[in-house]
**Student:** 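Dropping the structure in here first, questions after.
Just so we're on the same page: letters track the sequence lines, and every chain starts at 1.
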2 protein chains.
Amino acid sequence: MAIEPLHPDKDTPGGEEVPTTTKGTVLTARGLRTRRRLLDAAEKVFAELGYPAASIVKITEEAGCGLGTFYLYFEGKQEIFNEVVMDLNRRVRRAMTDAALAEADAGRIASERAGFRAFFRFTAEHPALYRIIRQAEFASPDALRLHYSRIVDGYAQGIEQGQRSGEVHRMDPEVVAWALMGIGEIIGMRWVLWPQDQDGATREGTGDVPDHVFDTMMEFIERALAPGTMDREGTDHVRDTTGR
Amino acid sequence: MAIEPLHPDKDTPGGEEVPTTTKGTVLTARGLRTRRRLLDAAEKVFAELGYPAASIVKITEEAGCGLGTFYLYFEGKQEIFNEVVMDLNRRVRRAMTDAALAEADAGRIASERAGFRAFFRFTAEHPALYRIIRQAEFASPDALRLHYSRIVDGYAQGIEQGQRSGEVHRMDPEVVAWALMGIGEIIGMRWVLWPQDQDGATREGTGDVPDHVFDTMMEFIERALAPGTMDREGTDHVRDTTGR
DNA sequence: GCACAACCTGAATCGTCTTTCATGTTGAGC
DNA sequence: GCTCAACATGAAAGACGATTCAGGTTGTGC
């Protein structure tokens, strides 16, 4: 398939490995701390106000430092936005893979469930991810693509593996991976981010997708991925061998 | 299946039925024309530049009218953005339902395919829809929700209908509808909007999702929706009666 | 062909944001 | 405890965009 992780670890696309000032000098511990403060502040401000309304002043105020300080570490709004996206992407993928790996012994399905759960939980705890990604379309299209592609790549690998072991029906893993991405994204938006249920009951708080929604979603996905069963191309009616 | 319009005509939610100037006077034919020009221009500018970078000057230039004219029809950037979203939403739903209805006789699956095709084609022809919706998160959250909810509601009705006729497996239609929405949205983004394939080949032009991707997606969806087959709750194995 | 409401205009005002810079502070290494 | 990068600061310059307004144009009804 496609969408290999470009460079599994080198995260900044064409960029430097070690954070530097805009002058190119390497940061000391103090500098690193300030830079971190600015990034966190930016995440918060972008998430609350949105890219258009976010201003450098607001970010530096939130970070509790002087206006000029900002330009010691970042070239401008666009650049810090990029960094924030990369940062969030790294963290959400970490959360997902950690959760999935923890359940790896329990089988593909359990592992898949765990990954999705982690995704929603992260979304609930960091609404910034969502709100920020949605703006990246213009603020930083490259970061947007990288973000999605990296997550999708993780899914695709899992799907291929499942296909090799016969647990997943054979379909182009790339397309399927994007479909899963889309499902997770929209369900997260609808049930994690939008506070009120359609029926008026504001629920929030739980910080996660309601169980019933989660289960339906997983049923939908499992049905799509389950091997055999469909007639169409006259495939054998192989029964699911994994039981359950 | 799928895609019924909610309130076929009354689109503006709590708003006025007839366009007026910002002073409240009713528009004449000339006024209507100018307003339309501004809306079209705004759609283009928002899609190309994004909300933050779009300015009233740019919009009026694109529309070929004076700066002050803008304020005769809209209160500001935010308001015209709203109108653009509503307008696009109306048009995409129209495109989808028309396509789905045209194939209604050919059965649920054909109708569903037609609806999706129409969605992608519309996306290809109006990238503005996408790019604009993604920004609505901040520019106009209400418009965003309305947009998605309306489309999803159409899907949900189709799904319920399919369930009643035994063509669709019983799962909460709302959740399933959102899943379909998510799939369509992300696949559209990946294959319609992003110009180049991962493998470098720039393909554009066709103005639609590649057949192979479309087919895989539909297979995925059909497998998820198909009645029976899954062991889980031992449902009946009703075969599809509409033929292919 | 007159009157008047609707429509149009862009220079000018006002506010806000980005970015620079001259100057001051900190702290690690010696 | 001295020194020198590195770090920090916020006033000020400069740019740009939103919105207003005083005055001009259009076209429809009579």
**Student:** List in chain and number order the residues that pass side-chain contact (heavy atoms from CB on, under 4.5 Å) with A:E112, two or more places apart in sequence or in another chain; answer none if no residue qualifies.
**Tutor:**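 Applying side-chain contact (heavy atoms from CB on, under 4.5 Å) to A:E112 gives A:R108, A:F116, A:M218, A:I221, A:E222, A:L225.
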**Student:** Do any side-chain atoms of residues 39-46 of chain B form donor-acceptor pairs under 3.5 angstrom with protein atoms, and if so which ones, sequence neighbours left out?
**Tutor:**
| unit_1 | atom_1 | unit_2 | atom_2 | d |
| --- | --- | --- | --- | --- |
| B:D40 | OD1 | B:R36 | NE | 3.4 |
| B:D40 | OD1 | B:R36 | NH2 | 3.0 |
| B:E43 | OE1 | B:R91 | NH1 | 3.2 |
| B:K44 | NZ | B:E62 | OE2 | 3.2 |

**Student:** Please give me every residue in residues 35-43 of chain A whose heavy atoms get under 4.0 Å of an atom in DNA chain D, ordered by residue number.
**Tutor:**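 Output list: empty, so none.
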**Student:** If I take atom NZ from residue B:K77 and atom CD1 from residue B:I59, how far apart are they, to the nearest 0.5 angstrom?
**Tutor:** 7.5 Å
**Student:** Measure the distance from CD on B:E61 to C1' on C:dG10 and round it to the nearest whole Å.
**Tutor:**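 Going from CD in B:E61 over to C1' in C:dG10 covers 12 Å.
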**Student:** Taking all atoms of both residues into account, what is the closest heavy-atom pair of B:I80 and B:L38, and its distance?
**Tutor:**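 Heavy atoms only, the tightest pair is CD1-O, 3.9 Å.
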**Student:** What I want to find out is whether A:R190 reaches B:E174 closely enough, with some N-O distance under 4.0 Å, to be called a salt bridge.
**Tutor:**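 Looking at B:E174 together with A:R190, the answer is yes, because their closest N to O distance falls below 4.0 Å.
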**Student:** Please identify each residue that fulfils ring-ring contact (aromatic ring centres under 6.0 Å, His included) with B:H126, with sequence neighbours left out.
**Tutor:**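 Counting only residues at least two positions away or on another chain, B:H126 forms a ring-ring contact (aromatic ring centres under 6.0 Å, His included) with B:F122.
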**Student:** Please list, chain by chain and in numerical order, all residues satisfying ring-ring contact (aromatic ring centres under 6.0 Å, His included) with B:Y148, sequence neighbours excluded.
**Tutor:**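 With sequence neighbours excluded, B:Y148 shows a ring-ring contact (aromatic ring centres under 6.0 Å, His included) to no residue whatsoever.
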**Student:** Mind checking side-chain hydrogen bond (donor to acceptor under 3.5 Å, both in side chains) for A:S140 and listing every partner two or more places apart, or none if nothing turns up?
**Tutor:**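 side-chain hydrogen bond (donor to acceptor under 3.5 Å, both in side chains) list for A:S140, sorted by chain: A:N82.
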**Student:** How would you list all residue pairs meeting ring pair (Phe, Tyr, Trp, His ring centres under 6.0 Å) that involve residues 18-45 of chain B, not counting sequence neighbours?
**Tutor:** none
**Student:** May I ask you to decide whether A:D211 forms a salt bridge with A:R117, counting only side-chain N to carboxylate O separations under 4.0 Å?
**Tutor:**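 Judged by the 4.0 Å cut-off on N to carboxylate O distance, A:D211 and A:R117 do form a salt bridge.
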**Student:** List in chain and number order the residues that pass side-chain hydrogen bond (donor to acceptor under 3.5 Å, both in side chains) with A:R37, two or more places apart in sequence or in another chain; answer none if no residue qualifies.
**Tutor:** none
**Student:** Is there any protein nitrogen or oxygen under 3.5 Å from a nitrogen or oxygen in nucleotides 3-7 of chain D, and what are the pairs?
**Tutor:**
| unit_1 | atom_1 | unit_2 | atom_2 | d |
| --- | --- | --- | --- | --- |
| D:dC7 | OP1 | A:T28 | N | 2.9 |
| D:dC7 | OP1 | A:T28 | OG1 | 3.0 |
| D:dC7 | O4' | A:R30 | NH2 | 3.4 |

**Student:** At what angle, to 10 degrees, do the two end axes of the helix from C:dG1-D:dC30 to C:dC30-D:dG1 meet, given five pairs define each axis?
**Tutor:** 20°
**Student:** Quick one: list whatever passes side-chain hydrogen bond (donor to acceptor under 3.5 Å, both in side chains) with A:E103, sequence neighbours left out.
**Tutor:**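 None.
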**Student:** Would you tabulate the nitrogen or oxygen pairs shorter than 3.5 Å linking the protein to nucleotides 16-23 of chain C?
**Tutor:**
| unit_1 | atom_1 | unit_2 | atom_2 | d |
| --- | --- | --- | --- | --- |
| C:dT18 | OP2 | A:I56 | N | 2.9 |
| C:dT19 | OP2 | A:Y71 | OH | 3.1 |

